Structure formats: C-alpha cells, structure tokens
Amino acid sequence: MNANCNEKQTQLTFPDIELTRQLFGEHNSNLKKIADAVDLSIHTRGNTVFIEGDPVASSLAQKILQQLYGLLEEQYPIYPNDVDYAIRLLSEDDRVELKRIFLDTVYITSKKRSITPKSRAQKEYIDAIRNFDIVFGIGPAGTGKTYLAMAMAVAALSKNLVNRIILTRPAVEAGEALGFLPGDLAEKIDPYLRPLYDALHDMMQFEKVSNLLQQGIIEVAPIAFMRGRTLNDSFIILDEAQNTTSEQMKMFLTRIGFSSKAVITGDITQIDLPAGRLSGLVETKNILQGIGGIKFVFFSKRDVVRHRLVQDIIRAYEELEISKK
C-alpha cells in the first residue's frame, strides 16, 4: 500500500481490491466508524482512501487501516467489532501490533470460528494461563475472563494436555433461597452453572459436550462439591469467585494436584455474599500476589468485549460509586 501525507490530507492505496472491499465494510461502514471515532473525514475512490483532518488523528486512522489490512492479508476476517477493538487499542497506544493480539488463536470452535484475544489484557491473560499453574482474572463483566479460560481449557483437553475439565461456581442465593426453588438438588443448582454450559455449547457441538459430561471428562459442579478431593491432570475453572468465602477459596486452592492448571475469575465490584462476609477473591488478591507461579491479571472497562453500551453502563456505575463516597 502507498501513503502520501501533507498537513490536511493522507492518501492510502491498497493493492488488493477484494481485501480493500472487506476493509472498507459494507457501504464503507468500517471507514465511517473510524472517521467518527477519531473525528475526521474519510473518502474513497476505487481502492484509495483520502483522509482529511487533524494530522494526529489522520496518522491514527492511517495506522488503524494499515493494521486492519495486514490482518486481512493473513486471512483474518474483519468484523465490525474488530474495527471497534482496533480503534480502542491503537487510540490507547499507537505502537500496539494488532497481529500479535488478534492472530493468537486460542481455539477454533465447532462452527469454525476462531477465538482470539481482543485487548492487551486478554492477550496477557491467555499468555498467563499458558505459563502459570494458577491464574486469577479479575475485572468487570464482559471482559472475556470466563469465556477465554473456557476456550483455553477446551484447547488443552483437545491437545491431551489434561485429562478432564472441571468447572465450578459458588451457588450464592440472590433473592430466592435454594430450599424454595422447585426440583431436586441438581435442578436447584443448575441455574447457577448455566453460564458455564452456555460457553461450552458455544465452542463444541451439543452431542460432544453431552458425551464428555456423561463420561465425567467435563464436570460442572458447585464449589461445595470440590471438598475433600485432589484434582490431578485437570484444567479447573472457578467462576464468579468474588462470591466465595475465605474458607471456600482456601479449600478450592488446596484441591489442585499434579499436572493441573487452575483459573479463578471474578468481579470484586459485584459481591453477593451476606454483609460482613469477606470475599475469598478479595482476600487472595491481598495475600497471594507475591507467590511465584501465581499470576494475577486485572481487566478494566476498556477490555469489555460485549455490546458497546456495556462499557457505558460500567462507567455510569463507577461514577455512582464515586459520588457515594
């Protein structure tokens, strides 16, 4: 691609017409998204882009387009959300290399969709899971903590790096007591574990998930079921860990056996424990960060990969909490 710059206009020409069409998006929707985000004007003629506006903003838009085009050259499909992530990443640091993040494939789902990190924190997170036996992912909802951990677990199982996957959550009563919910114990607990099943079914065919569950190769259970066990050759995920008590967290961490890996995820701003009970996740954050072999990765609202409004909602609640202090 060629670029010609002056104070008011940057001109970019991309060599491959088909890739350029994908880069621009339907009806130039990707270009409009970039132009709105960095506050400048973008026009096209054929496979040439003309960027007009502030030189700093123009330089940023140029880097975004060039790096997105580079992803397309690597046969990475660009979706509208990828453009949003690229804008966010390069706006925060224009030295970021999108290829290093977006092309790090964690797992390819049964629907042939690649699961990859979408932010620097997500990239740090999956690298930590690869290199450490115990990893804590702490941050707000929508940052991919559980989903990426699940993808890493399924990938490890498919490569025979572990013999089983164990998924667990604390069953914290939120508004309704378990005893008053209909059904037997399994039916009462199931709603608390449903998000873990949903993530599994998003990555693997329903029949395969069912078979692995029946064989005990994948186990989904409340944290109370971990007591008294030693978990060897396993990939263990503790989700919603902010709702564990100190005793539960200690019990869980001391279950981990040989050739196992544990990922603990949670959002310490959404604790549902009774008043006066210390969150096990908060406690571990305070006492375990200095231990070698344990890695903490912290996410922020900038790492949210759900609907763009989720970021705004998180920000609004943060401002509310600040106003209360």
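If you're wondering where the values come from, they're calculated on a predicted model, not measured in any experiment.
- Under a hydrophobic-cluster definition in which Ile, Leu, Val, Met, Phe, Trp and Tyr are linked whenever side-chain heavy atoms come within less than 4.5 Å, directly or via other members, Ile17 and Leu23 are assigned to different clusters.
- When atom types are taken as modelled, the side chain of Lys261 and the backbone of Ile129 share a donor-acceptor pair closer than 3.5 angstrom.
- For the residue pair Asp233 and Ser260, the shortest heavy atom distance occurs at N-OG, 3.1 Å.
- Considering only heavy atoms from C-beta on, Ser41 stays 4.5 Å or farther from Ile51 through its side chain.
- Between Ile101 and Leu89, the closest side-chain pair of non-hydrogen atoms falls below 4.5 Å.
- Residues Asp267 and Lys145 are not paired through a salt bridge, judged by the lack of any N-O separation under 4.0 Å between the basic side chain and the carboxylate.
- In this structure the side chain of Leu278 never reaches within 4.5 angstrom of the side chain of Thr245, judged on heavy atoms.
- Tyr125 has its ring centre less than 6.0 Å from the ring centre of Phe299.
- Leu288 and Leu281 fall within a single hydrophobic cluster, where Ile, Leu, Val, Met, Phe, Trp and Tyr side chains are chained together by heavy-atom contacts under 4.5 Å.
- The main-chain N or O of Ile87 is found under 3.5 Å from a side-chain atom of Ser91 such that the two form a donor-acceptor pair.
- Within the 4.5 Å cutoff, the side chain of Ile256 has no heavy atoms near those of the Leu231 side chain.
- Here the shortest heavy-atom pairing between Asn47 and Pro15 reads ND2-O, 4.0 Å.
- Residues Leu65 and Leu31 meet the side-chain proximity criterion, which asks for heavy atoms closer than 4.5 Å.
- Between Lys118 and Asp104 there is no salt bridge, since no side-chain nitrogen of the basic residue lies less than 4.0 Å from a carboxylate oxygen of the acidic one.
- Counting heavy atoms from C-beta outward, Met203 and Lys111 have side chains that stay 4.5 Å or more apart.
- If you look at Phe206 and His201, their ring centroids are closer than 6.0 Å.
- When atom types are taken as modelled, the side chain of Asp36 and the backbone of Lys33 share no donor-acceptor pair closer than 3.5 angstrom.
- A salt bridge is absent between Lys63 and Glu97: the closest approach of a Lys/Arg side-chain nitrogen to an acidic carboxylate oxygen does not fall below 4.0 angstrom.
- Applying the 6.0 Å contact sphere to CD of Glu26 captures no more than 12 heavy atoms from other residues, nucleotides or ligands.
- Under the 4.5 Å side-chain heavy-atom criterion for ILVMFWY residues, no single connected hydrophobic cluster contains both Leu161 and Ile115.
- Annotation: Phe50, atom CZ; neighbour count of heavy atoms from other residues, nucleotides and ligands within 6.0 Å is above 12.
- In this structure a side-chain-to-backbone donor-acceptor pair under 3.5 Å is present from Asn243 to Asp272.
- Considering only heavy atoms from C-beta on, Leu98 comes within 4.5 Å of Leu71 through its side chain.
- Arg164 places no side-chain N or O within donor-acceptor distance of the main-chain N or O of Ser234, the cut-off being under 3.5 Å.
- Smallest separation of non-hydrogen atoms from Gly257 and Asn232: CA-OD1, 3.1 Å.
- Nearest heavy atoms, Leu60 versus Val38: CD2-CG1, 3.5 Å.
- Hydrophobic clustering of Ile, Leu, Val, Met, Phe, Trp and Tyr side chains at less than 4.5 Å, counting indirect connections, unites Leu238 with Phe298.
- At distances below 3.5 Å, not a single donor-acceptor pair connects side-chain atoms of Thr13 with backbone N or O atoms of Thr48.
- Ring pair Phe14/Tyr69 is tilted by interplanar angle, where 30° to 60° counts as tilted.
- At distances below 3.5 Å, at least one donor-acceptor pair connects side-chain atoms of Gln242 with backbone N or O atoms of Gln270.
- Hydrophobic clustering, with ILVMFWY side chains joined whenever heavy atoms are under 4.5 angstrom apart, groups Ile291 together with Phe252.
- A distance-only check finds no donor-acceptor pair linking the side chain of Asp133 to the backbone of Gly293 [under 3.5 Å].
- Checking side-chain atoms of Thr44 against main-chain N and O of Gly46 turns up no donor-acceptor pair under 3.5 Å.
- Summarising the geometry of Met150 relative to Leu196, their closest heavy-atom pair is CE-O, 3.5 Å, with the distance given to 0.1 Å.
- Proximity of Val154 to Leu200: side-chain heavy atoms (C-beta onward) are separated by under 4.5 Å at one or more points.
- Taking a cutoff of 4.0 Å between a charged side-chain nitrogen and a carboxylate oxygen, Arg277 and Glu247 qualify as a salt bridge.
- Counting only distance, with no hydrogens or angles, the side chain of Asp303 and the backbone of Thr143 share no donor-acceptor pair below 3.5 Å.
- The two residues Val96 and Leu90 have their closest heavy-atom pair at O-CD2, 3.5 Å.
- A cation-pi arrangement is absent between Lys295 and Phe136, since the terminal nitrogen or guanidinium carbon is not both under 6.0 Å from the aromatic centre and inside a 45° cone about the axis.
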